[in-house]
Amino acid sequence: MFTWKGLNPYLLLLLVLCILTGLTHVVLGTQQGIESVEYVVFYNPIEGTGILSVSITMSLTPGEIGNVDLPIKIFSDASLYFFNYTVNPPTGSLVVNYDDNSGVASLLVSNASTVTLYFTVSNLTEEASIGSYTATLDLLDYASGAVNVSVEIYLTGIYDVIIDSYPRVSGYSIQTLTNTTVIRTHDPAIYFIVLKIPVNTASPSSTQFNLLNLLFPLLLILITVVAIVIIVLRWRRTSIGRIEKVDVLNDPVSRSIIRALGEAGDAGLTQAEITNKTGIPKSSVSRRIRRLEEEGFITVARTGKYNYLRLTDKGKEAYRRIVEKK
């Protein structure tokens, strides 16, 4: 999609000259025309949506045109939609074409020191399990070091964060703000990110005990735990891929699905209708539906060409508790 905002006749003439004379292409491997790129993301892993801004600092002389191919889709499998841009100073001109298949934006810039592109982003993270998400950040296009790159990721919520990279780098940081987790990095590498919602645990008692007085209770607890583990290992189900039980009152995605089906009544809803009503990514809805059906909260029945989901008596009781809890 080309955007012609701010294009003047002078720039149009220069564009024609570029085609006729083959203007030198400014790429990430050179320092001409582009100095640095900053990616800033605001994202909600539970909702699966957010905003991405990409700010490019230019070093163009007056009248010079910068022709830049810039990687935008630095998060694997993310879906982006280009919706706006700004140019500084406002008298500068910009032509931009973003291709979501390649994840590359082609820019023609004139008389501007900074341009910023804005995108909506979805599916930046993938839900690995309940309360656990993964993401891959690829900055290897900047490995030459000719262009400075930085990334800031603002995640809605507090998460325990695990990061690994290839090649191994140390130029990243993790910070926790009020209901926000911030990840920053500037080293070219591929980053493998794991987010997990922390489990609240009670603070240990400050009372001091003598180690000898604790020895017998500790041994008793250890023997009990070992016995329980042996019993569980002998009697647990051996089916591969067993789905864990869902506590619908504590899982926000499951609560949303139960609430939507409860409001629909006996008519029920299709999976697509649930996705539209809740705004939750389709993959997350699909996982919860399988778990909720196995736990007896919902039934799936085919009516005509579609499968309709309806609450069981157990599901209706959960819906009532969810509404009362709110």
Side-chain angles (χ1 to χ4, degrees), residues 41-52 75 77-81 83 100 119-135 155-159 179-181 195-200 237 239-326:
V41 184
F42 295 88
Y43 189 77
N44 187 327
I46 294 178
E47 299 296 333
T49 57
I51 297 292
L52 165 67
F75 294 95
D77 300 325
S79 298
L80 304 176
Y81 176 75
F83 68 90
D100 191 55
F119 301 81
T120 60
V121 56
S122 59
N123 298 324
L124 186 151
T125 58
E126 180 177 354
E127 186 177 31
S129 61
I130 296 178
S132 181
Y133 305 88
T134 61
L155 302 169
T156 302
I158 303 300
Y159 297 91
N179 197 37
T180 303
T181 302
L195 310 174
K196 187 171 181 60
I197 298 176
V199 178
N200 294 327
R237 292 186 298 174
S239 60
I240 299 176
R242 181 172 60 88
I243 299 175
E244 298 178 355
K245 293 184 178 181
V246 178
D247 185 351
V248 297
L249 295 182
N250 291 327
D251 176 41
V253 178
S254 299
R255 287 201 308 268
S256 297
I257 295 174
I258 292 289
R259 181 181 290 276
L261 289 173
E263 293 173 352
D266 294 335
L269 297 171
T270 65
Q271 182 172 326
E273 289 173 333
I274 292 175
T275 300
N276 292 333
K277 284 179 174 293
T278 62
I280 299 171
K282 181 172 64 176
S283 59
S284 298
V285 171
S286 179
R287 292 189 188 97
R288 294 305 194 286
I289 286 175
R290 291 198 301 271
R291 294 186 175 105
L292 291 171
E293 182 182 12
E294 180 167 301
E295 294 303 320
F297 288 99
I298 64 174
T299 60
V300 181
R302 190 168 187 84
T303 304
K305 297 188 297 181
Y306 302 100
N307 290 327
Y308 280 86
L309 286 72
R310 298 178 176 88
L311 293 179
T312 62
D313 291 339
K314 182 178 179 180
K316 292 176 181 178
E317 173 63 20
Y319 170 68
R320 182 188 62 79
R321 294 169 61 192
I322 290 171
V323 172
E324 291 178 352
K325 187 175 181 180
K326 183 177 180 182

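For clarity, every value in this text was computed on a predicted model and none was experimentally measured. Numbers here are sequence positions counted from 1.
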Margin query: Are there over 12 heavy-atom neighbours, none belonging to N179, within less than 6.0 Å of that residue's CG?
Written below: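 Yes, because the 6.0 Å sphere around CG of N179 holds more than 12 heavy atoms from other groups.
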Rounded to the nearest 0.5 Å, what separation is found between the [atom1] atom of [X] and the [atom2] atom of [Y]?
{"X": "S79", "Y": "D100", "atom1": "OG", "atom2": "CG", "result": "6.5 Å"}
{"X": "Y133", "Y": "E126", "atom1": "OH", "atom2": "CD", "result": "11.5 Å"}
{"X": "L52", "Y": "L124", "atom1": "CG", "atom2": "CG", "result": "8.5 Å"}

Note to self: Within the structure provided, determine whether N123 and D77 are in side-chain contact (heavy-atom separation under 4.5 Å).
What the structure shows: no
Margin query: Measuring only between side-chain heavy atoms, which start at C-beta, is I257 closer than 4.5 Å to F297?
Written below: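 Side-chain contact under 4.5 Å: no.
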Check: Under 4.0 Å between a Lys/Arg side-chain N and an Asp/Glu carboxylate O for E295 and R288?
Finding: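 R288 and E295: not salt-bridged.
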Check: Does S284 use its side chain to pair, donor to acceptor, with the backbone of I280 at less than 3.5 Å?
Finding: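 Here the side-chain-to-backbone pair does not exist.
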Item checked: Residues that A260 engages under side-chain contact (heavy atoms from CB on, under 4.5 Å), provided they are two or more places apart -> L269, T278
Checklist line | Contacts of type side-chain contact (heavy atoms from CB on, under 4.5 Å), residue A128, not counting sequence neighbours | finding: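 By the side-chain contact (heavy atoms from CB on, under 4.5 Å) rule, A128 matches S132, T134.
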Margin query: Show every side chain to side chain donor-acceptor pair (under 3.5 Å) that has at least one partner inside residues 306-316, sequence neighbours left out.
Written below: R302-N307
Next item on the list: Kindly give the heavy-atom pair with the smallest separation between T180 and I158, and that separation in Å.
Entry: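 For T180 and I158, the tightest heavy-atom pair comes out as N-CD1, 3.6 Å.
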